[in-house]
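A, B, ... follow the sequence lines: proteins, then strands. Residue 1 opens every chain.
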Protein chains: 4
Amino acid sequence: MPTTELGGNSKIKGGPISADRLKSFVERIERLEEEKSSIADDIKDVYTEAKSVGYDTKTIRKIIKLRKMDAADRDEQEALLETYKFALGMM
Amino acid sequence: MPTTELGGNSKIKGGPISADRLKSFVERIERLEEEKSSIADDIKDVYTEAKSVGYDTKTIRKIIKLRKMDAADRDEQEALLETYKFALGMM
Amino acid sequence: MPTTELGGNSKIKGGPISADRLKSFVERIERLEEEKSSIADDIKDVYTEAKSVGYDTKTIRKIIKLRKMDAADRDEQEALLETYKFALGMM
Amino acid sequence: MPTTELGGNSKIKGGPISADRLKSFVERIERLEEEKSSIADDIKDVYTEAKSVGYDTKTIRKIIKLRKMDAADRDEQEALLETYKFALGMM
DNA sequence: CGGCGCTACGTCCGTC
DNA sequence: GACGGACGTAGCGCCG
């Protein structure tokens with residue numbers, strides 16, 4: 001019995017829903033998640049290296065974030081923050 | 001002036017903190033984050049494909065999660081055993 | 001001027017966005033965070049006490065974590081069952 | 001057998017290490033963690049309320065964080081960020 | 001638009 | 001006392 005069928009096959013498109021196929025999907029996903037996790041580790045390594053030669057990683061993270069945000073967003077958020085600070089007498 | 005020096009250079013290890021070097025770190029990180037993001041997209045695609053042939057993605061997500069938890073549990077149990085042995089002076 | 005209004009008041013629900021109200025929210029949150037922080041300190045104290053009478057805090061932390069995981073697992077298993085039933089058209 | 005003793009009792013201070021006592025510590029911690037968790041929920045509720053009357057919660061979170069940091073730290077971090085931005089031509 | 005899962009940050013502990 | 005590692009928590013983004 002190579003391909004156990006699941007459910008009542010009350011589906012519309014494609015062939016039957018087989019357990020083998022399900023397994024295949026699960027394994028593809030797990031493989032990709034491993035890769036993703038590996039890249040994440042690499043990123044951590046770069047931060048570690050930067051730190052080891054004297055850079056402040058916290059600030060680098062902020063820079064990365066800022067570069068990702070587009071200018072409009074940035075200005076808008078800063079303006080709102082200023083407004084709130086003013087309202088609270090934090091200026 | 002190819003390498004602007006930052007800060008007071010009040011650092012200990014390595015060479016000076018140059019803007020070039022900073023830029024290099026930032027770009028390496030950004031490159032890696034792009035890759036990571038790309039893998040994340042691939043994962044999304046797999047879910048989409050699975051869905052298109054009739055699988056319930058919510059269920060698949062749960063399976064993935066459980067398989068991860070099972071592994072973690074197993075590791076945790078072993079670690080706990082070690083910890084107990086240590087705590088009881090059995091090491 | 002007791003209640004400075006913020007922004008363009010381009011909002012939909014409720015009354016005006018006043019600085020007083022904002023201040024009130026901020027203070028409520030800060031108060032609650034103090035309480036939370038205080039509880040966290042209490043927890044730390046308990047660990048310290050346990051340690052002082054000879055217990056291994058690392059082990060205790062693991063026990064706490066496992067007891068939490070067990071509960072989570074149990075919930076998850078039940079949820080998975082429901083999901084499967086749904087996926088198989090058994091609902 | 002009311003109080004099982006653990007380990008070889010190779011400890012220095014206090015009385016014996018009993019399982020009962022251990023249980024007591026675990027329960028005290030779990031109780032405190034519940035309280036902490038409850039406060040965290042309260043905080044979430046306040047944010048939700050603030051949002052419901054038109055405030056931007058993201059900005060409020062920033063405000064909370066800023067008020068927690070002392071002025072010196074704040075200035076220092078801002079200065080460093082400016083320096084990095086300049087180095088990267090982000091000004 | 002709300003809920004959930006994942007990611008990332010800050011905090012705390014153990015080590016050197 | 002500082003650094004690095006681990007944990008728990010909080011913010012963000014995707015999915016439904």
Side-chain angles (χ1 to χ4, degrees), chain A residues 29 32-33 36-37 39-41 43-45 47-49 51-52 54 56-62 64-65 68-69 73 77, chain B residues 12-13 29 32-33 36-37 39-41 43-48 50-51 55-66 68-69 72 75-76 79 83 86, chain C residues 12-13 29 32-33 36-37 39-48 50-51 56-66 68-69 72 75-76 79 83 86-87, chain D residues 29-30 32-34 36-48 51-52 56-62 64-65 68-69 73 77:
Chain A
I29 292 165
L32 287 167
E33 297 215 321
K36 185 153 70 84
S37 175
I39 308 267
D41 288 345
I43 292 173
K44 216 192 291 195
D45 289 346
Y47 278 110
T48 301
E49 184 189 346
K51 180 175 198 167
S52 78
D56 180 67
T57 59
K58 192 170 169 183
T59 306
I60 294 180
R61 284 177 197 277
K62 281 186 193 169
I64 300 280
K65 196 186 283 186
K68 219 182 284 180
M69 277 170 94
D73 282 348
Q77 284 192 207
Chain B
I12 297 95
K13 313 185 193 175
I29 291 165
L32 286 166
E33 297 216 320
K36 184 154 71 86
S37 175
I39 308 267
D41 288 345
I43 293 172
K44 216 191 295 193
D45 289 345
V46 177
Y47 277 110
T48 302
K51 183 175 198 166
Y55 290 98
D56 178 64
T57 59
K58 191 172 171 185
T59 305
I60 295 180
R61 284 177 196 279
K62 277 184 192 293
I63 290 171
I64 299 280
K65 185 179 182 180
L66 276 180
K68 217 182 289 179
M69 282 179 75
D75 293 349
E76 184 75 17
T83 306
F86 176 77
Chain C
I12 297 96
K13 315 184 193 176
I29 291 165
L32 287 166
E33 296 217 320
K36 185 155 71 84
S37 175
I39 308 267
D41 288 345
D42 291 347
I43 292 172
K44 214 192 296 194
D45 289 346
V46 178
Y47 277 110
T48 302
K51 183 175 199 166
D56 178 64
T57 58
K58 191 172 171 185
T59 304
I60 295 179
R61 284 177 197 280
K62 277 185 192 293
I63 290 170
I64 299 280
K65 185 182 183 177
L66 277 180
K68 219 182 287 180
M69 282 179 75
D75 292 349
E76 184 76 17
T83 305
F86 175 78
Chain D
I29 291 165
E30 285 177 341
L32 287 167
E33 297 215 321
E34 266 177 56
K36 185 154 71 86
S37 175
S38 166
I39 308 267
D41 288 346
D42 291 347
I43 293 172
K44 217 191 292 194
D45 289 346
V46 177
Y47 278 110
T48 301
K51 181 176 199 166
S52 78
D56 180 67
T57 58
K58 193 170 169 182
T59 306
I60 294 180
R61 284 177 197 278
K62 281 186 193 169
I64 298 281
K65 194 186 284 187
K68 218 184 283 182
M69 277 171 92
D73 282 348
Q77 285 192 203

- request: Let me have a per-nucleotide readout for nucleotides 7-16 of chain F, 5' to 3', with B, S or -, counting only protein heavy atoms under 4.0 Å.
  value: -SSSSS--SS
Between dC13(E) (C1') and Asp45(C) (CG): distance, integer Å: 15 Å
- request: Using a 4.5 Å cut-off on heavy atoms from C-beta on, say whether the side chain of Val46(C) contacts that of Asp42(C).
  value: no
task: Starting at CG of Asp45(D), measure out to CD1 of Ile29(C) and round the result to the nearest 0.5 Å.
output: 11.0 Å
field: Heavy-atom donor-acceptor pair, Ser37(C) side chain to Glu33(C) backbone, under 3.5 Å
entry: no
Partners meeting side chain to side chain donor-acceptor pair (under 3.5 Å) with Lys58(A) (sequence neighbours left out): Gln77(D)
- prompt: Taking Thr83(C) for the side chain and Ala79(C) for the main chain, is one N or O donor matched with an acceptor at less than 3.5 Å?
  reply: yes
